[in-house]
Amino acid sequence: MKRVLIVYHYFAEYRLPVLQQLSKAEGIQVTLAADLNSRIGIKTVDPETFLTESDVDTIKFKRLTNVWIGGRKSPLLWQQGLLKLLARDHFDTVIFLGSIYYLTTWIGALYCRRKCIRVLFWTHGFRGKDNPLLS
């Protein structure tokens, strides 16, 4: 069974269908790592609510603590507990939220690459005006 870690700053409630589908995936054990609270008032997923008894073998939740360097309005994020989780548990693949402002993402990605752990980034793609050359 492949072990996959998905690291997010928080899991918004609108992502619940994605998480529920992940819990049904065969051949992988998913660990979700995030803070339980959003700093901007977006309702977050409560792992106690969406995880059922049957999900225990396929999906787990590890709580991280978000520390916004420079205050709550700063984009710089340190996710307390992430590096310890990466060092303690074995994962075949780690999926990070692809934000340049999340400092532990970059340290964690470098750590994973050195340990030959596959690293993926969950992103929204390009931001800004479309370039006709890229279309």
How far apart are the closest heavy atoms of [X] and [Y], and which atoms are they?
{"X": "Thr44", "Y": "Leu36", "answer": "OG1-O, 2.6 Å"}
{"X": "Phe91", "Y": "Ile117", "answer": "O-CG2, 3.4 Å"}
{"X": "Tyr10", "Y": "Ala34", "answer": "CA-CB, 3.8 Å"}
{"X": "Asp89", "Y": "Lys62", "answer": "OD2-CE, 4.2 Å"}
{"X": "Leu103", "Y": "Trp78", "answer": "CB-CE3, 4.0 Å"}
{"X": "Ala33", "Y": "Leu85", "answer": "CB-CD2, 3.9 Å"}

For the [atom1] atom of [X] and the [atom2] atom of [Y], what is their distance to the nearest 0.5 Å?
{"X": "Gln80", "Y": "Arg63", "atom1": "CD", "atom2": "CZ", "answer": "11.0 Å"}
{"X": "Arg39", "Y": "Ser74", "atom1": "CZ", "atom2": "OG", "answer": "7.0 Å"}
{"X": "Ser38", "Y": "Phe11", "atom1": "OG", "atom2": "CZ", "answer": "13.5 Å"}
{"X": "Lys73", "Y": "Ile40", "atom1": "NZ", "atom2": "CD1", "answer": "11.5 Å"}
{"X": "Ile59", "Y": "Ile6", "atom1": "CD1", "atom2": "CD1", "answer": "7.0 Å"}
{"X": "Leu76", "Y": "Tyr101", "atom1": "CG", "atom2": "OH", "answer": "8.5 Å"}

Donor-acceptor contact below 3.5 Å, side chain Asn66 vs main chain Asp35: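 Absent.
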Side-chain donor/acceptor of Arg3 to backbone N/O of Val30, under 3.5 Å: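 Here the side-chain-to-backbone pair does not exist.
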When you compare the side chain of [Y] with that of [X], does any pair of heavy atoms fall below 4.5 Å?
{"X": "Ile107", "Y": "Leu82", "value": "no"}
{"X": "Phe96", "Y": "Leu5", "value": "no"}
{"X": "Thr31", "Y": "Phe61", "value": "no"}
{"X": "Gln79", "Y": "Thr65", "value": "no"}
{"X": "Leu64", "Y": "Val7", "value": "yes"}
{"X": "Thr105", "Y": "Leu97", "value": "no"}
{"X": "Lys2", "Y": "Thr93", "value": "no"}
{"X": "Leu77", "Y": "Val67", "value": "no"}

Does atom [atom1] ([X]) have a neighbourhood of more than 12 heavy atoms from anything else shown, all under 6.0 Å?
{"X": "Arg114", "atom1": "CZ", "result": "no"}
{"X": "Arg113", "atom1": "CZ", "result": "no"}
{"X": "Phe121", "atom1": "CZ", "result": "yes"}

Worked verdict on Val94 versus Leu120 for side-chain contact (heavy atoms from CB on, under 4.5 Å): CA-CA 6 Å; Val94 178; Leu120 302 171; over 6 Å; no
Salt-bridge criterion met for Arg118 and Asp92 (N-O under 4.0 Å):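 Answer for the salt bridge query: no.
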Aromatic ring pairing Trp68/His9, orientation class (parallel under 30°, perpendicular over 60°, tilted between):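 Perpendicular: the ring planes of Trp68 and His9 meet at over 60°.
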Quick check: is [Y] connected to [X] through a chain of hydrophobic side chains (ILVMFWY, heavy atoms under 4.5 Å apart)?
{"X": "Tyr14", "Y": "Leu22", "value": "no"}
{"X": "Leu110", "Y": "Trp122", "value": "no"}
{"X": "Leu83", "Y": "Ile69", "value": "yes"}

